[in-house]
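Take a look at the structure set out below.
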4 protein chains.
Amino acid sequence: MSPTTRRDTILAVSARLFAEKGFGNTTTSEIAREAAVAEGTLYHHFANKDDIFLTLFNETMDGFLAGATAAAVTGSGRERLSAYIRFHFDYFAKNQGRILILQRDFPPHLANPGGVGKPAFILDKLSRITELLSLILDAGKKDGTLAFRYASRDAAELLRGMLIGCTRQKVLGTITTPIPKLATMVESFCMDALAAGQAGASSDRHGGER
Amino acid sequence: MSPTTRRDTILAVSARLFAEKGFGNTTTSEIAREAAVAEGTLYHHFANKDDIFLTLFNETMDGFLAGATAAAVTGSGRERLSAYIRFHFDYFAKNQGRILILQRDFPPHLANPGGVGKPAFILDKLSRITELLSLILDAGKKDGTLAFRYASRDAAELLRGMLIGCTRQKVLGTITTPIPKLATMVESFCMDALAAGQAGASSDRHGGER
Amino acid sequence: MSPTTRRDTILAVSARLFAEKGFGNTTTSEIAREAAVAEGTLYHHFANKDDIFLTLFNETMDGFLAGATAAAVTGSGRERLSAYIRFHFDYFAKNQGRILILQRDFPPHLANPGGVGKPAFILDKLSRITELLSLILDAGKKDGTLAFRYASRDAAELLRGMLIGCTRQKVLGTITTPIPKLATMVESFCMDALAAGQAGASSDRHGGER
Amino acid sequence: MSPTTRRDTILAVSARLFAEKGFGNTTTSEIAREAAVAEGTLYHHFANKDDIFLTLFNETMDGFLAGATAAAVTGSGRERLSAYIRFHFDYFAKNQGRILILQRDFPPHLANPGGVGKPAFILDKLSRITELLSLILDAGKKDGTLAFRYASRDAAELLRGMLIGCTRQKVLGTITTPIPKLATMVESFCMDALAAGQAGASSDRHGGER
DNA sequence: GATGAATGAGTGTTCATTCAT
DNA sequence: TATGAATGAACACTCATTCAT
């Protein structure tokens with residue numbers, strides 16, 4: 001489990017350095033030095049520097065998706081959403097180093113290569129998060145434990161944006177509330193917003209806008 | 001007001017390029033070329049490349065703070081929060097280029113110089129946003145139009161994180177909902193979450209957690 | 001005329017180093033050091049290392065073409081061919097350094113980029129040599145001072161191949177005959193081969209082959 | 001005889017790759033991969049990458065020398081020269097891959113190690129070609145079937161330069177004439193140039209030059 | 001103020017060669 | 001013999017910054 005192979009060492013060191021100084025400010029020679037391997041060795045295990053980052057991204061996202069899916073598999077829609085949110089902050093707390101990379105500075109040239117839009121692998125991971133949240137919201141709507149206007153897909157995107165955004169602010173150090181409390185706050189915030197019997201009233205108040 | 005001075009041209013061009021390609025992938029020679037000035041001229045108007053970014057950051061944030069403060073100055077707490085949220089998305093829509101810079105890739109070496117934490121000027125701007133939101137929340141609590149548990153400062157940070165996070169996802173292109181609809185959704189989501197009479201119920205349901 | 005601008009210095013130094021050690025074995029830092037400029041300066045004057053070579057190639061070829069055209073402009077076809085051959089060796093003697101590059105190791109990746117055939121600029125220069133020789137041969141055939149079978153274009157290619165090949169062997173140091181004598185030998189060799197009244201006889205002797 | 005041993009496979013693969021992409025652009029890992037051996041295995045059969053090239057060079061040259069000697073062993077001097085030229089193009093046609101290496105990009109650091117001149121093994125092979133051609137020319141002069149001024153050794157070098165140069169241009173793709181026709185053309189060109197009774201006339205015409 | 005040629009330390013990446021297994 | 005992971009010196013090229021004009 002601890003990083004014993006060189007490949008794992010390189011990944012672990014890279015995650016830490018990317019987190020500490022950003023992708024663009026981390027040099028390959030630095031990674032090599034801290035991983036105690038020759039610089040050339042990096043290129044035996046990864047095609048290039050980007051590949052190291054992408055591997056980290058995929059592993060982190062896969063871990064999140066697997067965990068979130070498992071966490072939100074049972075109970076009412078409301079319970080599943082609660083579980084999802086708690087897992088979100090749990091995973092974040094346990095993988096701060098890795099999350100940082102993704103949250104702080106996803107390298108622009110990887111996010112939008114050629115300026116034509118996101119590469120498929122990113123969209124794929126994100127859309128799988130959206131799908132999971134969609135399913136949860138649908139389940140809640142069906143069993144009457146969650147209420148919201150708009151399509152569940154739109155609501156799922158919004159939820160995802162808010163959760164990730166919140167986590168990011170925490171990563172960036174611009175939120176002072178400690179993680180456990182932050183998690184609880186966000187959880188109840190969302191629960192309140194999606195409380196059954198709430199949507200109608202809100203709709204009345206704002207129904208005429210736009 | 002329109003960018004006629006060299007300094008303004010440089011700023012406008014930089015904002016566009018930073019937005020299009022990221023700070024790190026924009027070269028000073030590119031800025032100079034597109035601004036139709038010599039590369040050395042940049043250094044007569046700005047101390048260095050970082051300074052251009054920082055100037056952009058400060059101007060954008062000052063504009064936001066001034067506008068948000070003005071927008072949220074009258075009415076009930078609930079109305080003021082609504083106005084704040086609408087302004088948030090308005091400003092974003094009108095300043096997509098500039099916002100992008102700040103949202104997407106705030107240069108890590110500027111965000112955490114030396115790794116010891118955020119420099120004062122960033123914290124200053126952000127804390128003024130938090131203060132504004134705090135005031136709004138306090139007003140709403142006092143006049144009974146907003147309800148929430150926790151300190152208003154914590155709630156303000158959370159709100160700020162969610163709003164900015166949502167905007168960021170939109171900027172990054174990972175939210176498909178168009179801005180006006182997104183704004184309405186977020187607004188009613190927050191209104192619902194902070195609806196008077198709601199917090200207590202939510203508290204009951206989740207009060208035992210953590 | 002002597003290399004006074006930095007650009008000229010870089011070209012002169014590059015020509016010498018490419019000649020001495022080959023294109024691939026000459027480093028940009030070496031060129032910079034010997035030209036007494038910073039390495040980055042190379043990239044102000046040339047797009048990249050290839051560009052230095054290509055500039056040298058084009059200048060050398062243009063000089064050759066201009067000189068050869070001028071040399072072979074008057075007299076009978078026979079006289080013009082003689083003049084062309086003499087100029088060929090003259091130019092070679094005077095530009096040994098530069099010629100060496102082209103003769104010895106035209107960088108394979110420039111000669112056949114992508115493996116799909118020669119880039120246009122090379123073919124262009126070479127075909128202009130062939131054209132010039134074609135014109136000379138045609139003139140000689142018309143005025144009866146040169147005789148040869150086959151199309152003049154084919155004969156021109158053959159002549160070009162032989163002349164350049166000979167020069168190359170000299171450059172490579174595998175021909176010991178000094179240049180002036182070599183030039184005279186080649187000249188009379190070609191003159192004999194193309195002597196009027198000769199072609200028919202040769203044709204008889206070898207007409208049946210292949 | 002067919003490449004069944006690892007050593008032969010390595011040589012065959014190397015010849016093809018060197019021909020396709022040049023010596024300097026062929027990596028040892030590529031050779032190993034295409035030869036289906038481990039990279040380290042290369043170093044059990046050859047001292048280093050240079051050694052592979054040199055082995056190829058020697059084998060190819062030995063094959064040429066043996067064949068050329070055999071081809072040019074009988075008949076008049078004229079017939080022997082004809083046979084030599086035909087063999088030259090024959091061997092070239094049959095060994096294009098291997099010839100390409102030697103013709104196109106003899107690695108400069110092998111051709112002129114240290115810049116002090118050609119290493120002995122190259123001079124040795126080339127001088128044996130010159131010797132063979134010298135013998136042929138001498139025989140032709142003696143039996144009256146070939147005529148030329150200058151020492152036969154000088155003439156031999158010139159002939160060798162022209163023939164190799166022509167072949168090289170063909171290899172480089174800058175001669176369009178197909179090989180068989182090219183061979184016939186070169187053969188009659190040389191035969192005409194060295195036709196008995198020709199030299200004197202040519203000498204008269206050009207005797208005064210230089 | 002304005003210029004733009006010059007700088008040079010620093011980058012990601014390559015690849016012939018070695019050596020423990 | 002055979003392997004292939006590991007090496008590390010070397011490379012072409014970048015770009016924020018300077019400064020003489």
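Here the structure is a predicted model, which means the values were calculated and not measured. Values reported hereafter were calculated over all heavy atoms of this structure, with side chains retained and with hydrogens, waters and symmetry mates removed. The sequence lines fix the lettering, A, B, ..., with proteins before strands; numbering per chain opens at 1.
Look at CG on Asp51(A): it is 13 Å from C1' on dT13(E), rounded to the nearest Å. Regarding Ile52(A), its CD1 atom lies at a distance of 11 Å from the C1' atom of dG12(E), rounded to whole Å. Between Arg6(D) atom CZ and dT1(F) atom C1' there is a gap of 8 Å when expressed in whole angstrom units. Distance, Ile10(D) CD1 to dT3(F) C1': 13 Å, rounded to whole Å. Between Arg33(B) atom CZ and dA5(E) atom P the separation is 13 Å, expressed in whole Å.
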> Step by step, would you call Phe46(B) with Leu54(B) a side chain to side chain contact (heavy atoms under 4.5 Å, CB included)?
Replying inline: CA-CA 10 Å; Phe46(B) 302 94; Leu54(B) 263 16; over 6 Å; no

> Would Ser29(A) and Glu39(A) count as a side-chain hydrogen bond (donor to acceptor under 3.5 Å, both in side chains) if you check the C-alpha gap in whole Å, the side-chain angles of each, and the deciding distance to 0.1 Å?
Replying inline: CA-CA 6 Å; Ser29(A) 79; Glu39(A) 203 162 349; 4.9 Å; no

>> Does Glu34(D) form a salt bridge (charged side-chain N to carboxylate O under 4.0 Å, His left out) with Lys21(D)? I'd like the steps, not just the answer.
In response: CA-CA 14 Å; Glu34(D) 303 228 358; Lys21(D) 340 177 18 180; over 6 Å; no

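Both distances falling under 3.5 Å, in either a Watson-Crick or a G-U wobble arrangement, place dT21(F) opposite dA2(E). With a cut-off of 3.5 Å on both Watson-Crick or G-U wobble distances, the partner of dT11(E) is given as dA12(F).
When each of Val37(A) and His45(D) is assigned the nucleotide of DNA chain F bearing its nearest heavy atom, the one mapping closer to the 5' terminus is His45(D).
Under the 4.5 Å side-chain criterion, counting only non-hydrogen atoms from C-beta, Met61(B) is in contact with Leu126(B). Residues Phe18(D) and Ile31(D) meet the side-chain proximity criterion, which asks for heavy atoms closer than 4.5 Å.
When Arg6(A), His44(A), Arg7(A) are each tested for a side chain to side chain contact (heavy atoms under 4.5 Å, CB included) with Val37(A), only one passes: Arg6(A).
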> How does protein contact run along nucleotides 11-21 of chain F, one letter per nucleotide 5' to 3', with B for base contact, S for sugar-phosphate only, - for none, heavy atoms under 4.0 Å?
Replying inline: SBBBSBBB---

